[in-house]
Amino acid sequence: MFYVLSKLGFLFLRPSNAFVLALLLGVGLRLLGWRRRGAELIGIALTLLVICAWTGVPTLLLRPLEQRFSVPADPDRLAPAGILVLGGVVDTGLSTERGSAELVDGAERLIATAELARRYPGARIVLSGGSNGVFANDERAESAIARDLLVEFGVSAERITIEDRSRNTRENAIYSFSTVEPKPREQWLLVTSAFHMPRAIGTFRAAGWSGVVAWPVDYRNGAATDWLGGRTAAEGLTMTDMAVREWIGLAAYRFAGYSDALLPRP
């Protein structure tokens with residue numbers, strides 16, 4: 001139920017959707033005779049739309065999340081028992097329909113996993129992720145599609161374990177834990193997008209993963225990003241949606257007890 005409510009609720013909380021809905025509501029108010037109220041709502045929606053599309057607000061929202069964790073300074077000193085890879089990079093519906101691996105933003109997670117598999121040949125690889133559908137469906141699990149892709153990249157299938165039930169970060173953590181049964185303080189690399197890493201780390205720690213080590217990928221901002229340079233409206237709104245989703249997720253997960261901190265520390 002939490003998963004369904006979170007998915008449906010964010011359809012309205014997503015800034016890009018909320019701005020359009022506010023514009024439509026403003027137009028509706030004007031047509032119904034509340035011209036002043038409608039004009040005010042339209043003005044507010046347009047202002048927020050412009051701010052989120054073309055200013056530095058998306059960077060301001062995303063950068064604290066992306067900068068929170070970094071790749072270990074000396075990766076050669078690590079001896080991980082395994083590599084945990086979170087889903088969210090495969091369109092399971094389109095992949096099932098087309099019979100191929102159709103990737104979305106964040107595919108760097110799988111590229112980094114292939115690289116880490118070569119760097120740490122003794123580490124297990126655990127792919128966590130079910131289907132993208134909100135309700136029950138017959139789509140292939142994301143982890144199964146990702147496994148096939150990694151095998152094509154040259155990773156041995158014997159090293160790969162899939163967890164194919166999870167649909168969100170909390171389920172990633174608890175289902176992967178029951179699948180792997182890690183030993184106390186056993187070191188596991190956690191691979192996910194940099195902006196999602198704080199929520200992922202907090203959730204995995206709360207689920208019992210005491211030795212999880214962040215390996216962030218898929219950055220959307222540079223360390224010295226130009227606040228106003230070269231961004232399209234679509235890019236700005238997409239980044240705003242991502243950031244707002246993560247900040248809401250951090251608060252909701254902490255309130256529900258799914259994470260060990262509001263903004264987990266390294």
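If you're wondering where the values come from, they're calculated on a predicted model, not measured in any experiment.
If you chain together hydrophobic residues whose side chains sit under 4.5 Å apart, V85 and F177 never meet in one group. Cluster membership for V180 and I83, using ILVMFWY side-chain heavy atoms within less than 4.5 angstrom, is not shared. Side-chain heavy atoms closer than 4.5 Å link hydrophobic residues (I, L, V, M, F, W, Y) into clusters, and following such links, possibly through other members, connects I125 to Y120. Follow the hydrophobic side-chain contacts under 4.5 Å out from L127 and you never reach Y175; the two are in separate clusters. One hydrophobic cluster holds both I162 and L103 under the rule that ILVMFWY side chains link at heavy-atom gaps under 4.5 Å.
S128 and S176 share a donor-acceptor pair across their side chains, judged by distance under 3.5 Å alone.
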Tell me, with the steps shown, if S193 and R109 meet side chain to side chain donor-acceptor pair (under 3.5 Å). CA-CA 7 Å; S193 299; R109 300 183 196 183; 3.0 Å; yes
Should E171 and S166 be marked as a side chain to side chain donor-acceptor pair (under 3.5 Å) after you check the CA-CA gap, both sets of side-chain angles, and the distance that decides it? CA-CA 5 Å; E171 292 181 356; S166 60; 5.6 Å; no
Could you walk me through whether L250 and L65 pass the side chain to side chain contact (heavy atoms under 4.5 Å, CB included) check? CA-CA 10 Å; L250 282 166; L65 299 173; 3.7 Å; yes
Worked verdict on L116 versus W215 for side chain to side chain contact (heavy atoms under 4.5 Å, CB included): CA-CA 10 Å; L116 290 170; W215 196 284; 3.5 Å; yes
Take L84 and L189 through the test side chain to side chain contact (heavy atoms under 4.5 Å, CB included) and record every step on the way to the result. CA-CA 6 Å; L84 291 160; L189 303 184; over 6 Å; no
Are S100 and E102 close enough, and set up right, to give a side chain to side chain donor-acceptor pair (under 3.5 Å), and what steps lead you there? CA-CA 6 Å; S100 59; E102 300 299 328; 2.5 Å; yes
Applying salt bridge (Lys or Arg N to Asp or Glu O under 4.0 Å) to R119 and D76, what does each step give before you reach the verdict? CA-CA 8 Å; R119 181 189 288 268; D76 291 334; 2.9 Å; yes
For D105 and M242, what are the C-alpha separation, side-chain angles and deciding distance, and is it a side chain to side chain contact (heavy atoms under 4.5 Å, CB included)? CA-CA 11 Å; D105 288 347; M242 289 178 179; 4.2 Å; yes
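In this structure, P266 and R68 approach most closely via the heavy-atom pair CG-O, 3.1 Å. Of all non-hydrogen atoms in P15 and D241, the two that sit nearest each other are CD-OD1, 3.1 Å. Nearest approach of G88 to V104, heavy atoms of both residues: O-CG2, 3.7 Å. Of all non-hydrogen atoms in W54 and T232, the two that sit nearest each other are NE1-C, 4.2 Å. Of all heavy-atom pairs spanning L29 and G38, the tightest one is CB-CA, 3.8 Å. Across P58 and M239, no two heavy atoms sit closer than the pair CB-CB, 3.7 Å.
Atom CG in L61 sits 15.0 Å away from atom CZ in R245 (nearest 0.5 Å). Note that CD of E139 and CG of L94 are 9.5 Å apart. Values are rounded to the nearest 0.5 Å. Distance check: R159 CZ to R124 CZ gives 11.5 Å after rounding to the nearest 0.5 Å. Atoms OG and CZ, on S259 and R199 in that order, are 9.5 Å from each other to the nearest 0.5 Å. Summarising the geometry, atom OG1 belonging to T92 is positioned 12.0 Å from atom CG belonging to D164; distances are rounded to the nearest 0.5 Å. Of the inter-residue distances, the one linking Y219 atom OH with L62 atom CG reads 12.5 Å to the nearest 0.5 angstrom.
Between T203 and I201 there is no side-chain heavy-atom pair separated by less than 4.5 Å. When side chains are defined from C-beta on, V217 counts as touching V191, because their heavy atoms get closer than 4.5 Å. Side-chain contact between L110 and V89 is present, with heavy atoms from C-beta onward closer than 4.5 Å. A heavy-atom distance below 4.5 Å is found between the side chains of P216 and V71. Residues W188 and V213 form no side-chain contact, since every pair of their non-hydrogen atoms from C-beta on lies 4.5 Å or further apart.
Taking the ring axis of F195 as reference, the NZ or CZ atom of R220 does not stay both within 45° of it and closer than 6.0 Å to the ring centre.
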Identify every side-chain donor-acceptor pair in residues 143-157 under 3.5 Å, counting partners at least two apart or on other chains, and give the distances.
{"unit_1": "S143", "atom_1": "OG", "unit_2": "G129", "atom_2": "O", "d": "3.0"}
{"unit_1": "S143", "atom_1": "OG", "unit_2": "E163", "atom_2": "O", "d": "3.3"}
{"unit_1": "D148", "atom_1": "OD2", "unit_2": "R140", "atom_2": "NH1", "d": "3.3"}
{"unit_1": "D148", "atom_1": "OD2", "unit_2": "R140", "atom_2": "NH2", "d": "3.0"}
{"unit_1": "S156", "atom_1": "OG", "unit_2": "E158", "atom_2": "N", "d": "3.3"}
{"unit_1": "S156", "atom_1": "OG", "unit_2": "E158", "atom_2": "OE1", "d": "2.7"}

Using atom types as modelled, flag every donor-acceptor pair under 3.5 Å from a side chain in residues 40-52 to any protein atom, sequence neighbours excluded.
{"unit_1": "E40", "atom_1": "OE1", "unit_2": "R37", "atom_2": "NH1", "d": "3.3"}
{"unit_1": "E40", "atom_1": "OE2", "unit_2": "R36", "atom_2": "NE", "d": "3.4"}
{"unit_1": "T47", "atom_1": "OG1", "unit_2": "G43", "atom_2": "O", "d": "2.8"}

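No donor-acceptor pair under 3.5 Å is formed between the side chain of R170 and the backbone N or O of A207. In this structure a side-chain-to-backbone donor-acceptor pair under 3.5 Å is missing from T169 to A200. Formation of a donor-acceptor pair under 3.5 Å by the E66 side chain with backbone atoms of N221 is found in this model.
Ring planes of F204 and W209: tilted class, angle from 30 to 60°.
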